**Q** 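I am attaching a structure below and will ask some questions about it afterwards.
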Amino acid sequence: MNDNEKTEIFVTGGAGYVGSHSILELLKNGYSVVAVDNFSNSKPGKDQTMPESLKRVQCLAGKELTFYEVDLLNKDSLKQIFQKHTFSCVVHFAALKAVGESCRVPLDYYRNNVGGSVNLLEVMQEFNVKRIVFSSSATVYGVPLYLPIDETHPVGSTCTNPYGRTKYFIEEILKDVSKSEKGWSVILLRYFNPVGAHESGIIGEDPHGVPNNLMPYISQVAVGRLKELMVFGNDYDTVDGTGVRDFIHVMDLAEGHVSAVKEILTAEFKGCTAYNLGTGKGYSVLEVIKAFEDACSVKIPYIIVDRRDGDVDSIYADVSLAEKCLGWKSKRSLKQMCEDTWRWQSKNPIGFRT
Ligand code: UFG
């Protein structure tokens with residue numbers, strides 16, 4: 001047994017896309033994982049005991065994890081888990097994340113994302129677990145004032161939707177908590193655009209309903225579930241008029257979480273620090289379509305439609321802080337992101353239900 005195996009990590013939202021890939025990396029690095037999920041955006045396995053995504057993670061890791069079906073709004077169930085285990089650190093993914101839906105039902109987003117986080121923090125405080133890695137988003141930057149965007153860029157004031165504001169508010173809550181008493185350690189990981197899948201094609205992204213995001217939409221067109229892609233606007237101030245984003249391979253992101261966990265477990269780490277997790281390079285929507293077609297030898301039919309509300313021209317990260325302080329850097333190319341997305345989608349045309 002190495003030292004990490006004695007280190008129990010509590011993971012919320014573990015069944016989801018970024019959660020499941022990150023758990024795989026935590027297990028591979030020797031940590032013990034206790035995961036919870038409420039199945040709001042994931043599928044239970046056949047025997048209902050564990051999500052299908054995490055069953056597959058166990059196979060890939062050759063190692064077991066502990067899973068509980070728990071909603072963070074149910075504080076008593078959370079407490080029961082903290083009574084049974086001794087956690088060194090929490091990695092908090094659980095959240096609703098559909099931008100459009102958040103505009104229709106903002107209170108659901110505030111109750112789930114903000115209320116759930118407050119419950120979690122109260123239980124952590126009660127059980128004296130004071131290290132948390134939080135799954136935040138580049139959305140907190142709102143409309144970029146400059147590019148590439150670094151962690152000192154203002155946050156909050158130009159967030160364009162309730163989902164983004166929940167991430168911003170939780171960041172602020174975490175900053176306040178870390179200042180309120182000694183011993184709290186907080187890492188905010190601001191993700192850019194996670195895409196791709198584990199290279200095995202055994203786990204990947206499986207959104208409910210019609211995808212909101214570009215890459216799962218492209219891959220569902222490629223596999224024939226959707227007819228054509230709608231490109232939201234070609235009159236932006238970018239290389240070809242379509243939006244530019246910093247797409248990052250989900251396995252790079254997962255490795256970023258392991259680096260953050262290692263950092264937060266050191267005696268030296270204190271307080272609250274935000275890190276961008278991106279590649280530092282932006283690609284346009286048309287460049288992504290072309291890369292997918294080339295990498296996967298499939299044609300992606302698309303039409304240009306109006307801009308989508310709340311979209312910005314370009315956003316990409318300055319990633320130097322994560323490299324300097326966490327020793328982490330993304331490694332995988334856009335080609336790999338496309339190939340791995342396609343391997344997952346073509347092997348699992350209807351996601352985890354296959
Ligand atoms: N796009 C299309 N057609 C689609 C979907 C997207 O043209 O069907 C375009 C968008 O207009 C945008 C680009 O593809 O230019 C990327 O859009 P995504 O929806 O994939 O990603 P976003 O950049 O809008 O948002 C993502 C996450 C958010 C996160 C944000 C941070 O979905 O959760 O990045 O920048 F907050």
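For ligands, and for the atoms within them, numbers begin at 1 and follow the listed sequence. All values below were derived from every heavy atom in this structure, side-chain atoms included, with hydrogens, water molecules and symmetry-related copies excluded. Keep in mind that this is a model prediction, so the values were computed, not measured.
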**Q** Compare all side-chain heavy atoms of Glu205 with those of Gln345 and state whether any distance is below 4.5 angstrom.
**A**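 No. Closest side-chain heavy atoms not under 4.5 Å.
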**Q** Return the closest protein heavy atom for atom 20 (O) of ligand 1 as residue, atom name and distance.
**A** Leu214 N, 2.8 Å
**Q** Within the 3.5 Å criterion, strictly below it, is a donor on Glu199 or Gln336 matched to an acceptor on the partner's side chain?
**A** no
**Q** Quick one: which ligand 1 atoms are inside 4.0 Å of a heavy atom on Gly243?
**A**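 Checking each atom against Gly243, I get 15 (O).
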**Q** Tell me the protein heavy atom at minimum distance from atom 31 (C) of ligand 1, and give that distance in Å.
**A** Thr139 N, 3.5 Å
**Q** Any donor-acceptor pair under 3.5 Å linking the side-chain atoms of Thr238 with those of Asp313?
**A** no
**Q** What protein heavy atom lies closest to atom 4 (C) of ligand 1? Include the residue and the distance to one decimal.
**A**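 Residue, atom and distance for the closest contact: Phe232 CE1, 3.3 Å.
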**Q** Does an N or O from Asp311, backbone or side chain, lie closer than 3.5 Å to an N or O of ligand 1?
**A** yes
**Q** Of the protein's non-hydrogen atoms, which lies at the shortest distance from atom 24 (O) of ligand 1, and what is that distance?
**A** Arg308 NH2, 2.8 Å
**Q** Assess the pair Tyr316 and Tyr283: is the distance between their ring centroids shorter than 6.0 Å?
**A** no
**Q** Between Leu229 and ligand 1, is there a nitrogen or oxygen pair with a distance under 3.5 Å?
**A**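 Looking only at distances, the answer is no, because the N/O contact criterion of under 3.5 Å is not met.
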**Q** Can Arg307 be said to sit on top of Tyr236's aromatic six-ring, NZ or CZ under 6.0 Å from centre and within 45° of the ring axis?
**A**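 Satisfied, under 6.0 Å and within 45°.
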**Q** Is there a nitrogen or oxygen of Met230 sitting under 3.5 Å from a nitrogen or oxygen of ligand 1?
**A**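 Yes - when backbone and side-chain N and O of Met230 are compared with those of ligand 1, one distance drops under 3.5 Å.
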**Q** Run the numbers for me: atoms of ligand 1, each under 4.0 Å from some heavy atom of Asn212, listed by number.
**A**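 Answer for ligand 1: 5 (C), 19 (O).
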**Q** Geometry only, no angles: is Ser137 polar-contacting ligand 1 at N/O separations under 3.5 Å?
**A** no
**Q** Indicate yes or no: at least one non-hydrogen side-chain atom of Phe93 is less than 4.5 angstrom from one of Asp37.
**A**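 Heavy-atom side-chain distance check fails, nothing below 4.5 Å.
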**Q** CG/Asn112 to OG/Ser40 distance, rounded to the nearest 0.5 angstrom?
**A**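 These two atoms lie 7.0 Å from each other.
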**Q** Closer than 3.5 angstrom, by distance alone: can the side chain of His198 be matched with the main-chain N or O of Met251 as a donor-acceptor pair?
**A**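 A pair under 3.5 Å: no.
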**Q** Around atom 25 (O) of ligand 1, find the nearest protein heavy atom and jot down its residue, atom name and distance.
**A** Asn193 ND2, 4.0 Å
**Q** Please assess Val91 against Ile9 for the test side chain to side chain contact (heavy atoms under 4.5 Å, CB included), listing each intermediate value before the final yes or no.
**A** CA-CA 7 Å; Val91 185; Ile9 313 283; 3.7 Å; yes
**Q** Nearest to atom 13 (C) of ligand 1 by heavy atom, Val312, Val221, Val285: which?
**A** Val285
**Q** Taking only heavy atoms of Val231 into account, list the atoms of ligand 1 that are under 4.0 Å away from them.
**A**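 So the atoms of ligand 1 that pass are 7 (O).
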**Q** So between Asp246, Asn161, Asn213, Val210, whose heavy atom ends up nearest atom 27 (C) of ligand 1?
**A**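 Minimum heavy-atom distance to atom 27 (C) of ligand 1 goes to Asn213.
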**Q** Measure the distance from atom 16 (C) of ligand 1 to every protein heavy atom, then report the residue, atom name and distance (to 0.1 Å) of the closest one.
**A**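 Protein heavy atom at minimum distance: Arg245 CG, 3.7 Å.
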**Q** Pick one: which of Tyr275, Trp328, Tyr191, Tyr31 meets ring-ring contact (aromatic ring centres under 6.0 Å, His included) with His257?
**A**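 For His257, the ring-ring contact (aromatic ring centres under 6.0 Å, His included) test succeeds with only one of Tyr275, Trp328, Tyr191, Tyr31, which is Tyr191.
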**Q** Please classify the Tyr163 to ligand 1 contact at 4.0 Å (heavy-atom distances, strictly less than): side chain, backbone, both or neither.
**A** side chain
